[in-house]
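In what follows, a structure is listed as structure tokens, so that the remarks can point back to it.
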Amino acid sequence: MFGFGARPKTLDTKRRLLALDSWLDHTFWTIGPALSRWWDGVCAAFDAFRVRGWRRWTVEILCEGLTLGTAGALVMLALALPAFRETGPDWLSRADLSVTFLDRHGSEIGKRGVMQNDGIPLSEYPDHLIKAALATEDRRFYTHFGIDVAGTARALVQNARANGVVQGGSSITQQLAKNVFLTNERTLERKIKEAFLAFWLEFHLSKDEILKLYLDRAYMGGGAFGVDAAAHFYFGKSARDVDLAESAMLAGLFKAPTKYAPHVNLAAARARAATVLDNLVDAGFMTEGQVQPARFQPATPKPTAVVSSPDYFLDWAYGEIRGMADAGSFKGQRVLRVRTALDPALQRHAEEVVERMLRQYGDPYRVDQAAAVILEPEGGVRAMVGGRDYGQSQFNRAVDALRQPGSSFKTYVYTAAFASGKFSPDSVVSDAAICVGNWCPRNYGRRFAGKVPLITAFAKSINTIPVRLALAVGQRNVIDMAHRMGLRSKLDVGRAFALGVEEVTLLDHTSAYGTLANGGRRAPPFAALEVDDSKGSAIWRRERDAKPLQQVLGYPVVAQMNRMMLAVVENGTGGRARLDGVQAGGKTGTSQSYRDAWFIGFTGSLVGGVWFGNDDFTTTKEMTGGSLPAMTWKEIMAYAHQGVAPKAIPGVALPAASKPAVAQAAPEDGADTRPVGARNLSEGAAKVLQALIADVAAARPAAGPRAELVRPSFAGAEPSTTAR
């Protein structure tokens, strides 16, 4: 019964499937000819647009141009979006931050932001002052659309002929865009943003408004921003009253305000002013007869004290303050007075040492640039040299330049290895040939040492061993360690990763080493200690408002690494950095083809980093980190430690001969009562401190032990012991 009843259902299903098949066949048979007829109609319609002969090639070119233009427009939009994000409804007021900077002792060292008098209308500036600025900076300012194509092309040709940068092609609008929105960073991304922001300014402002902003906000040297502030600073008068000779000297400052500042180098300033007068004649703005009086009677600045402004540091510190202001740290206040950690004496000495080293050894080593940073272990920047001449180039090589650290990167490899618990300074690893794929690292001396302790491998900067360590603990773990310690640049794994082929900045690199000098606590670099508003009220204090430091390394790892760092200076490649009577550790670094040379090191009191190289990445003449960088580091740090009591490096005890002197409560008559380490104390502060010592001595029990005041070796960390 069951099989008989199922048969009709099977037949019904077959009929339905046959009907579906028949319908599909009929449908496709019908649609095919219909589609063919439709396509023939389309082709016939488009045949009416067919062109032949020369017209066809015109259409083809137009079509290709339209396609490429659309693609180009999309690319331009992608590039423009990051630039336009810099703008906003408050773009002009954001640049109105006015900051006066003080050194660590409270003395003024410079200003940044809107310090100029922008109350003079453009119509009240002397005609010869405006013409001098336009003839020198942007002759076609009133005719171009934000970018002077002809001027840019001319600059490219001249620079190519000179094999270097001898002319700038930026228009006034581009320079204003950089001053208002961007930094002095030398990157392709910044130049692209600058170009798009120039278009944006031309669209939103008139030519006169752009010129007025440029004249009001350009840095003119001596801490003066804007031509009116510069006129008051250099000549003691308003910009309304300057004569042609003074206008030429002011216009000459736009290119290199520090180099041509008349209170620093009057001869250079007058030579530059003569060039500006030539430009006025060449541009047709004035005749030779009109400029002759200014040639015969060049401008003379009013007598003023020669000042040395730490401009690289001020630029960086201003960026820090702007970021804090944007984050709301100052409660909307725009006029600020900032006390920084800068030591002005150390800053001047560091600048002098860098320049002296380049003058003495630059040609033999074929190197023309250098940078240096000195930090407190807690992060305060005591000195910053971003290059040999701020007037020549405002690019801060200590902050913005990404360079290969070479062997100085090995510190992060060894730290990660010790943190893994698999290795110690006394672990023995084989220095023998090793290949990763088809890449086989070699040592500097082209020889292998066999089995060596890690402390020896680090001191002698052996290359094969850190490669083995990075593979053993994992390159990702090394990257994580480097970032935890303070590096902020992007790091990628690779065959030569352990030998420092990734790029870092000097400031980040030095700060990361500071983690070891700070007992394993990560201390980001900072400028500001205290910020006051325009009324003198403290609105921000670091000890009160800053985030607490983060412990990123265990103390045993710190002790092991610091023992390794001392070995580099005492018995390794960093011998030229050894300080007399001061315990010091560090690491040398030399990048591929001798393009970069580094020495990063620290004592118990300070952390310092030095870099030498060339802006165009050309190779030096076999300069290593143990040569000029170590020598420069030693000279700067030796000065910084004058009169400062030796302080133990975390995890490493001071030698007996280096222990700090004990300040007695009752000094002998006629003796110097100032405590050891008072180089940065005023006489009054030293007397107050000595009085406190005397009070402690007077309060002790008569039969008790003698009261002593001893500098602590390391605050907030485990007691210093000799690492083994």
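Because the structure is predicted, anything quoted here is derived from the model rather than measured.
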[X] to [Y], cation-pi by 6.0 Å centre distance and 45° axis angle:
X      : Y      : value
Arg542 : Phe526 : yes
Arg403 : Phe617 : yes
Lys587 : Tyr513 : no

Can [X] and [Y] be counted as an ion pair, charged N to O under 4.0 angstrom?
X      : Y      : result
Arg104 : Glu376 : yes
Arg112 : Asp315 : yes
Arg359 : Glu355 : yes

Pairs of donor and acceptor atoms involving the side chains of residues 566-574, under 3.5 Å and at least two apart or interchain, shall be tabulated with distances.
{"residue": "Thr573", "atom": "OG1", "partner": "Thr588", "partner atom": "OG1", "Å": "2.7"}

Open item on the list: For a quick check under 3.5 Å, do Arg522 and Ser511 share a side-chain donor-acceptor pair by atom type?
Closed with: yes
- [ ] Sorted by first residue and then second, give each side-chain hydrogen bond (donor to acceptor under 3.5 Å, both in side chains) pair with at least one member in residues 485-495; sequence neighbours left out.
- [x] Asn438-Arg495, Arg488-Asp508, Lys490-Asp492
TODO: Carefully, step by step, assess Asp426 and Arg563 under the rule salt bridge (charged side-chain N to carboxylate O under 4.0 Å, His left out).
DONE: CA-CA 11 Å; Asp426 299 315; Arg563 178 186 166 199; 2.9 Å; yes
Open item on the list: Tell me if a side-chain donor or acceptor on Asp343 pairs with a main-chain N or O of Arg382 at a distance below 3.5 Å.
Closed with: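 Not confirmed, Asp343 side chain does not pair with Arg382 backbone.
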- [ ] Specify whether Trp316 and Phe313 have parallel, tilted or perpendicular ring planes, treating 30° as the upper limit for parallel and 60° as the lower limit for perpendicular.
- [x] tilted
